Amino acid sequence: MNIEILLQEKITIAIEALFGFTPEKSMVQLQQTRKEFAGDVTFVVFPVVRFAKKSPEETGRLIGEYLVGNTEEVDQFNVVKGFLNLTISNHWWLGILEKAFASPSYGLTPASQDAELVMIEYSSPNTNKPLHLGHIRNNLLGYSLAEILKGNGKKVVKTNIVNDRGIHICKSMYAWQQWGEGRTPENTGIKGDHLVGDFYVMFDQQYKKEIRQLMEEGMAQEAAENNAPSILAVREMLRKWEAHDEETVSLWKMMNSWVYEGFDATYRELGVDFDKIYYESETYLSGKDEVLRGLKEGVFYQKPDSSVWADLTPEGLDHKLLLRSDGTSVYMTQDIGTAKMRFADYPIGKMVYVVGNEQNYHFQVLAILLDMLGYEWGRDLFHFSYGMVELPSGKMKSREGTVVDADDLMADMEKVARKMGEELGKLEGLSEEEATRTYKMIAKGALKYFILKVDPRKNMTFNPEESIDFNGNTGPFIQYTHARIRSVLRKAEETGLSVAVPFAGISLEEKERELLKTISLYPEIVEEAAREYSPAVLANYCYEITRQFNQFYHDHSILNETDPVKRNFRLALSEVVVNILKSGMGMLGIEMPERM
RNA sequence: GCCCUGAUAGCUCAAUUGGAUAGAGCAACGGCCUUCUAAGCCGUAGGUUAUGGGUUCGAGUCCCGUUCAGGGUACCA
């Protein structure tokens, strides 16, 4: 039981006894005492003053006296203005440590047989270009959310919808056909997704050139954009693809296979994975069927040019295109099909889409369309909408070459981690293989923590030159602390020290007391991270407990403590912190090194 | 035009969901390694929370106006 919940009950009883009324739960607000005041937990008196019919100070004093007299957990109190500060007994804090020490999975909820199944869609790449920094945020958030939900006892299926078809894919295919000269990942040594991405850029350059030319010949911009030879060829290619043209399909298969190999390598490096992958090429037809069914049932309507639309004006929205006049499907069409297939494949309790906030409108419409098609779960789809990653120069644009490539970024960071590690000489005893593993771990820790510590809903700025730091509020700072604690614990083991419980009769140092308070919050933080869909909550907590531990570590010795009772307690404290770091950072997808 | 978001220290981010004197890190400056890992610890400096009003015991947080920024409103995805 959490101290705030316990005190909430006790204070409610105190108020009933003292003032003869029962306060609503929302009136009994508790918070951590600010460190400039004495005490552990603070009760804000103001909301009940009106009913107590006494001054805030007097009200606080009476409740404080009652609690000290009637509650064994409360040792002392003081009142500042309308704030009642309560000091909790050492016995209670030591009890927290015993509980945390007893369970390696402290703070986590074990999965039960009847737990809700949550499906999380994330990553969702297009197969026409390599992954960049924006995808990294998506992948890290998706993976981390899945781990956080598992930590809260949910069953989770991680899924990926690969956008492997459509006009954008045909652009790369067309460019390769025109100018590829038979180049492959094998004969060039270029990673498959990068090779295909290069052709996508090539197409765009050619397309722009043609538009310019047509406009010089007097054509209006819009007409030029629709009549450039290369775009006409690409549209023809998409029609052929949808008609199962053999040559087109085999080109498509070949180029996609290059991309998948590239993506797999990036995912592996990033440490993310999926339980089930859907391909748009396998779901869009189901979407088309759904749209046609909707048309037949009169839910949707058709224009004279035979394009199919949904009228969303009753919802306060516009009309939405669902099938083009040439019968080909759009983005929305496939998402309808994918959703339907997923709910047929799995007993989904909750469907979460990890997709950027630029698609808020898309998901609002998707939910409405599925509802119109008669799916009762349509309105329950949850769009986890996260903010964009911006560069100091502004938004990333693939076609303008202002993207930070995912593979390059990870490789660069590994180099920096290695350079720094070698300068510090920390890993000298390790084999080259182990050292490399550790440098990768540190580089990844820095990148992942940097991205996940920010509130996911907000846009964030990433400066490739300056953003990656290994000191201060960073992943490596937390990893370093973990390694330091592990080192102490290894030494304790070597000298045959083991921790004995219970911990009784110990006078607590200030830093120890703070750590115990923070430890007591962990289960709540894990729960909050899931409730708020926010890895950032966990990240910030891990930083806070790390900072506190380092202060404690600096001020007090663990192994050299001469009082065996204290040494025993500090070893247990260290072990609990190390477990929390491993578990908390683990839910962010960040590994903790044994030494660094 | 209309509809969402957002704006906190020079920079990157927090702020227990309306609570006390708005906190961290980076960058700058100054200290601390003969003792469990200095990727650490301590200190100095840095703020009219974009701006003007309002609501109340109390506002970075809620409401209205203004400014600026990002996104959406595609037969792009």
Side-chain angles (χ1 to χ4, degrees), chain A residues 4 29-34 36-37 42 44-47 49-50 56 80-83 85 124 126 128 163 166-169 226 235 280 303 305 307-309 316-318 320-326 328-332 334-335 356-362 364 385 387-388 390 392 394-395 417 420-421 423-424 426 442 446 450 453-455 457-463 466-467 469-481 483-492 521 524-525 528 532 536-537 540 543-544 547 550-551 553-561 570 574 595-596:
Chain A
E4 293 188 4
Q29 292 177 33
L30 289 155
Q31 56 191 286
Q32 279 193 73
T33 304
R34 296 184 72 102
E36 57 265 40
F37 301 101
T42 295
V44 184
V45 180
F46 295 109
V49 164
R50 206 148 55 88
V80 181
K81 293 197 262 175
F83 297 89
N85 301 320
S124 314
N126 292 336
N128 62 335
N163 300 115
I167 194 106
H168 54 296
I169 312 293
N226 283 316
R235 285 199 187 129
E280 187 185 328
K303 285 191 181 176
D305 67 2
S307 58
V308 180
W309 296 75
L317 304 174
D318 216 334
K320 179 74 190 174
L321 175 86
L322 299 174
L323 285 178
R324 293 192 187 97
S325 50
D326 65 4
T328 58
S329 54
V330 294
Y331 181 42
M332 187 60 80
Q334 73 85 9
D335 252 356
N357 61 15
E358 58 195 351
Q359 290 187 32
N360 287 353
Y361 183 73
H362 174 83
Q364 191 188 350
S385 164
M388 300 286 97
E390 286 163 2
K395 209 193 169 191
M420 190 158 174
E423 276 167 14
L424 291 167
K426 289 289 179 63
I442 294 167
F450 182 87
K453 75 171 177 181
V454 181
D455 182 340
R457 279 165 283 275
K458 289 190 178 173
N459 287 3
M460 65 181 291
T461 308
F462 185 91
N463 183 335
E466 296 169 10
S467 285
D469 223 316
F470 294 79
N471 301 314
N473 186 358
T474 65
F477 167 74
I478 298 169
Q479 290 172 317
Y480 171 72
T481 304
R484 248 186 359 180
I485 300 174
R486 285 295 306 141
S487 169
V488 170
L489 295 176
R490 274 195 305 273
K491 282 187 180 145
L521 295 176
E524 224 177 297
I525 292 291
E528 188 188 341
E532 305 285 327
V537 167
N540 290 324
Y543 173 65
E544 185 57 28
R547 224 167 50 100
N550 278 327
Q551 292 170 353
Y553 181 91
H554 181 265
D555 291 354
H556 306 289
S557 190
I558 300 163
L559 295 173
N560 298 330
E561 170 56 49
R570 286 180 186 166
S574 304
R595 57 194 89 218
M596 75 180 262

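Bear in mind that the values here come from a model prediction, so they are computed numbers and not experimental data. Every chain is numbered from 1, with letters handed out A, B, ... down the list of sequences. All values below come from the heavy atoms of this structure, side chains included, with hydrogens, waters and symmetry mates left out.
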Item to complete: Remember a base hit wins even if backbone is also touched, and classify A:Arg595 as base, sugar-phosphate or nothing at under 4.0 Å, heavy atoms.
Response: base
Worksheet item: How would you label the contact of A:Pro392 with the nucleic acid (heavy atoms, under 4.0 Å): base, sugar-phosphate, or nothing?
Response: nothing
Discussion item. Could you check whether A:Asp469 and A:Thr474, counting side-chain N and O atoms only, form a donor-acceptor pair closer than 3.5 Å?
Written reply: no
Worksheet item: Are A:Tyr480 and A:Phe470 close enough that their ring centres sit under 6.0 Å apart?
Response: no
Fill in: Pairing of A:Asp305 and A:Lys303 as salt bridge, 4.0 angstrom limit
no
Worksheet item: What does A:Met460 touch in the nucleic acid at a heavy-atom separation under 4.0 angstrom: a base, only the sugar-phosphate, or nothing?
Response: sugar-phosphate
Item to complete: Could you tell me whether A:Phe37 contacts a base, only the sugar-phosphate backbone, or nothing, with contacts defined as non-hydrogen atoms closer than 4.0 Å?
Response: base
Practice prompt. Among the candidates B:G19, B:C41, B:U12, find the nucleotide nearest to the side-chain atoms of A:Thr461.
Written response: B:U12
Practice prompt. Report yes or no: is the ring centroid of A:Phe83 under 5.5 Å from the six-membered base ring centroid of B:G19, with the two planes under 30 degrees?
Written response: no
Practice prompt. Please work out whether the ring planes of A:His362 and A:Tyr331 are parallel, tilted or perpendicular, with thresholds of 30° and 60°.
Written response: parallel
Worksheet item: Which is true for A:Gln29 with a 4.0 Å heavy-atom rule: it touches a base, it touches only sugar-phosphate, or it touches nothing?
Response: base
Item to complete: Tell me what A:Asn85 touches on the nucleic acid: a base, only sugar-phosphate, or nothing, going by heavy atoms under 4.0 Å.
Response: base
Worksheet item: Which is true for A:Asp555 with a 4.0 Å heavy-atom rule: it touches a base, it touches only sugar-phosphate, or it touches nothing?
Response: nothing
Item to complete: Report the nucleotide, chosen from B:C76, B:U21, B:G19, that has the shortest atom-to-atom distance to any side-chain atom of A:Lys81.
Response: B:U21
Item to complete: Identify whether any heavy atom of A:Leu521 sits under 4.0 Å from a base atom; if not, whether one sits that close to sugar-phosphate; answer base, sugar-phosphate or nothing.
Response: nothing
Worksheet item: So what does A:Ser385 hit on the nucleic acid, given a heavy-atom distance under 4.0 Å: a base, only sugar-phosphate, or nothing?
Response: nothing
Practice prompt. Scan A:Ala483 against the nucleic acid and name what it touches under 4.0 Å (heavy atoms): base, sugar-phosphate only, or nothing.
Written response: base
Discussion item. Any N or O donor-acceptor pair under 3.5 Å from the base of B:A74 to the side chain of A:Asp318?
Written reply: no
Worksheet entry | Of A:Glu36 and A:Lys458, the one whose closest RNA chain B nucleotide lies more 5' | A:Lys458
Worksheet item: What does A:Glu532 touch in the nucleic acid at a heavy-atom separation under 4.0 angstrom: a base, only the sugar-phosphate, or nothing?
Response: base
Worksheet item: Does a distance-only test, which skips hydrogens and angles, find a donor-acceptor pair under 3.5 Å between the side chain of A:Ser325 and the base of B:C75?
Response: yes
Item to complete: Under 4.0 Å between any heavy atoms, over every strand shown, what does A:Glu524 touch: base, sugar-phosphate, or nothing? Just pick one.
Response: nothing
